[in-house]
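For reference, the structure discussed in these notes is given below.
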Amino acid sequence: MKMLNEMFPSYNIQANVNLGNYTNTRVGGPADWCFWPKTQHELQQVVRFANEANLPITVLGNASNLVITDDGRQGVVIFLTEMHQIKVFQNNITAEAGAWIIDVAQMAYDYSLTGLEWAAGIPGSIGGAVFMNAGAYGGQIDQVVQSVDVITPMGEIKTYPVADLAFGYRHSLVQETGDIIISATFAMHSGKRAEIGGKMTDFNERRAQKQPLEFPSCGSVFKRPTGYFAGKLIMDSGLQGCQIGGAQVSTKHAGFIVNRGQATGSDYVNLIKHIQHVVYEKFSVNLETEVRILGRK
């Protein structure tokens, strides 16, 4: 696999990288290769090469809503954190996939644009937010997205209008196509800056009060089951504070699993499975993971 470095000697490509250094949970094994593209051109070149060489590709932004197992990830893991430009034109905001959604929400506030207040405290990237159709406090990405630019598995650039993205609850078409999100354009509305800022402050205060921001975590672990709240089901199952290894069901919010120190990917996966088993035994409700679990294959 030396060919990857040999083919692109000027690109930021590193071998045998410990992914736990880059995930919000602070867990995860090694990646064969990691690549931090600075431009769409760099990304296109490596994507084309990887596909021709049958090299698996994993794309990560802020690595916030996922768990990487201890065996790591095969092939090349692409971090889009260096592609983070944000541009405002009239009432539209275009942000590259690696931009933090927090920064995009702040830019909207700076220009008195409303529609992303709910995202003010979400620790994820634009690419991840579109991929997962992220949402909070009644807001959701599909409510503001106008179009999304992607690089296809063949390295071509394509634009999806929002109507073609098949958005659903924590779902988008891109989860099925293998496309890599490179930017998104948001159709915003003019608002009053003071009101926008007030909502952002309110949502951030609510997060600080309810969510375990003081520990590494992967965010909300489970999707909301129809007619229930995942956190309440877990709490009513007596699982709040339950711990396997260094992974613990948060004592602050049962919908979160935190790393209390030296947690491993196996700790996270085993605790998730344990929660699912106990909740089903008690309430006959299947908890479906919102968090992505990524392993070697």
Looking only at the side chains, is there a donor atom on one of Tyr137 and Asp202 sitting less than 3.5 Å from an acceptor on the other?
no

When the aromatic ring centroids of Phe35 and Phe8 are compared, is their separation below 6.0 Å?
no

Pairing donors with acceptors under 3.5 angstrom, does anything connect the side chains of Thr185 and Thr94?
yes

Should we say atom NZ of Lys282 is surrounded by more than 12 heavy atoms from elsewhere, each under 6.0 Å from it?
no

Summary of side chain to side chain donor-acceptor pair (under 3.5 Å) pairs that have at least one residue in residues 228-245, sequence neighbours excluded
Lys232-Asp236, Gln243-Gln248

Heavy-atom neighbours of Phe283 CZ exceed 12 at 6.0 Å:
yes

side-chain contact (heavy atoms from CB on, under 4.5 Å) evaluation trace for Gln40 with Met83:
CA-CA 8 Å; Gln40 291 183 15; Met83 296 176 59; 3.9 Å; yes

For atom CZ of Arg224, is the number of surrounding heavy atoms from other residues, nucleotides or ligands below 6.0 Å larger than 12?
no

Say whether Thr159 and Asp149, considering side chains only, have a donor N or O and an acceptor N or O under 3.5 Å apart.
yes

Taking atom types as modelled, find out whether Asn204 and Thr201 have a side-chain donor-acceptor pair closer than 3.5 angstrom.
no

Hey, mind stepping through Val17 and Trp33 against side-chain contact (heavy atoms from CB on, under 4.5 Å) and telling me if it holds?
CA-CA 7 Å; Val17 176; Trp33 299 92; over 6 Å; no

Shortest non-hydrogen separation from Trp118 to Gly135 and the atoms involved
CZ3-CA, 3.6 Å

Ignoring hydrogens and angles, state whether a donor on the side chain of Asn92 or Gln90 is under 3.5 Å from an acceptor on the partner side chain.
no

Charged N to carboxylate O below 4.0 Å: is that the case for Asp32 and Arg296?
yes

Please name all residues satisfying side-chain hydrogen bond (donor to acceptor under 3.5 Å, both in side chains) with Lys223, sequence neighbours left out, ordered by chain then number.
Glu288

Residues in ring-ring contact (aromatic ring centres under 6.0 Å, His included) with Tyr111, at least two apart?
none

Count the heavy atoms belonging to other residues, nucleotides or ligands that lie under 6.0 Å from CD of Gln262, then report whether that count exceeds 12.
no

Using the side-chain contact (heavy atoms from CB on, under 4.5 Å) rule, pick out the option among Leu113, Val88, Ile141 that qualifies with Phe186.
Ile141

Is the backbone of Cys218 close enough, under 3.5 Å, to the side chain of Asn24 for a donor and an acceptor to pair up by distance?
no

Please check: side-chain N/O of Arg26 versus main-chain N/O of Asn21, any donor-acceptor pairing under 3.5 Å?
no

Would you please name every residue forming a ring-ring contact (aromatic ring centres under 6.0 Å, His included) with Trp36, sequence neighbours left out?
Tyr22, Phe79

With Glu176, which residues qualify under salt bridge (charged side-chain N to carboxylate O under 4.0 Å, His left out), at least two apart?
none

Would Asn286 and Val279 count as a side-chain contact (heavy atoms from CB on, under 4.5 Å) here? Give the steps.
CA-CA 7 Å; Asn286 284 310; Val279 168; over 6 Å; no

Who are the salt bridge (charged side-chain N to carboxylate O under 4.0 Å, His left out) partners of Asp164, not counting sequence neighbours?
none

Side chain Gln45, main chain Glu42, donor-acceptor under 3.5 Å:
no

Could you tell me whether the side chain of His253 and the main chain of Pro212 form a donor-acceptor pair under 3.5 Å?
no

Judged by modelled atom types alone, do Ser266 and Asp70 share a side-chain donor-acceptor pair under 3.5 Å?
yes

With a 3.5 Å distance limit and no angle check, can you tell me whether Ser64 reaches the backbone of Pro123 through a side-chain donor-acceptor pair?
yes

